[in-house]
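Counting starts at 1 for both ligands and their atoms, in listed order. In this text the structure is predicted, and so the values were computed from the model without any measurement.
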Amino acid sequence: MRRISVRCPECGETIGVELNDSALKRASTSPSGLAAIVVVHRGHALIVYVDGEGNVRATSATSVHDARILADVVPVPSPRHPELRGLSKEELKLFAFCYGKAQLRVIAKAAGIPYGRARILAEKLRNLGYLKELRKVVEG
Ligand SMILES: [Zn+2]
């Protein structure tokens, strides 16, 4: 586990982002060579793209206005998931954002996939063994 500092392009604040081994591994094995880490703070989501060495390659921010985000699920990737080659481009894109902490609504927004569609894709990814679970987010 490593901690890096990233400047949020939306609010200018410097945020501490935790880089775990699974994110680095995901970056190394992804076709783009990058993994996306999503950090929600101050009502928007900071998206940090890191490579397999843990270098920040890009950042972006997206607003999270939807209050229903609290009733969302968190897709948790399987530690030993099947070959990524079996996935469609859209599924790959969604899976690249799944690191076990971000909520699906944020992931869907970041990946540019409508939430309803993302929900179906996430269920499929779970059935195929890419995701270990879709953890319910506890409100409050
Ligand atoms: Zn910010």
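By the rule that hydrophobic residues join a cluster once side-chain heavy atoms approach within less than 4.5 Å of another member, Ile107 and Ile120 end up as members of separate clusters.
Shown here are the protein N/O/S atoms lying under 2.8 Å from the Zn ion (ligand 1), water excluded: Cys8 SG, Cys11 SG, His41 NE2, His44 NE2.
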Show the numbers, then the answer: is there a side chain to side chain contact (heavy atoms under 4.5 Å, CB included) between Asp72 and Val106? CA-CA 9 Å; Asp72 205 0; Val106 176; 5.9 Å; no

Please evaluate residues Tyr130 and Glu91 with respect to the criterion side chain to side chain contact (heavy atoms under 4.5 Å, CB included), reporting the C-alpha separation (whole Å), side-chain torsions for both, the decisive distance (0.1 Å), and the verdict. CA-CA 10 Å; Tyr130 291 91; Glu91 290 159 355; over 6 Å; no

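Under the 4.0 Å criterion applied to side-chain N and carboxylate O atoms, Arg42 and Glu10 are not assigned as salt-bridge partners. With respect to the salt-bridge test (charged N to carboxylate O, under 4.0 angstrom), the residues Arg126 and Glu123 qualify.
A cation-pi arrangement is not found for Arg57 relative to Tyr49, the charged atom failing to lie both closer than 6.0 Å to the ring centre and inside a 45° cone about the ring normal.
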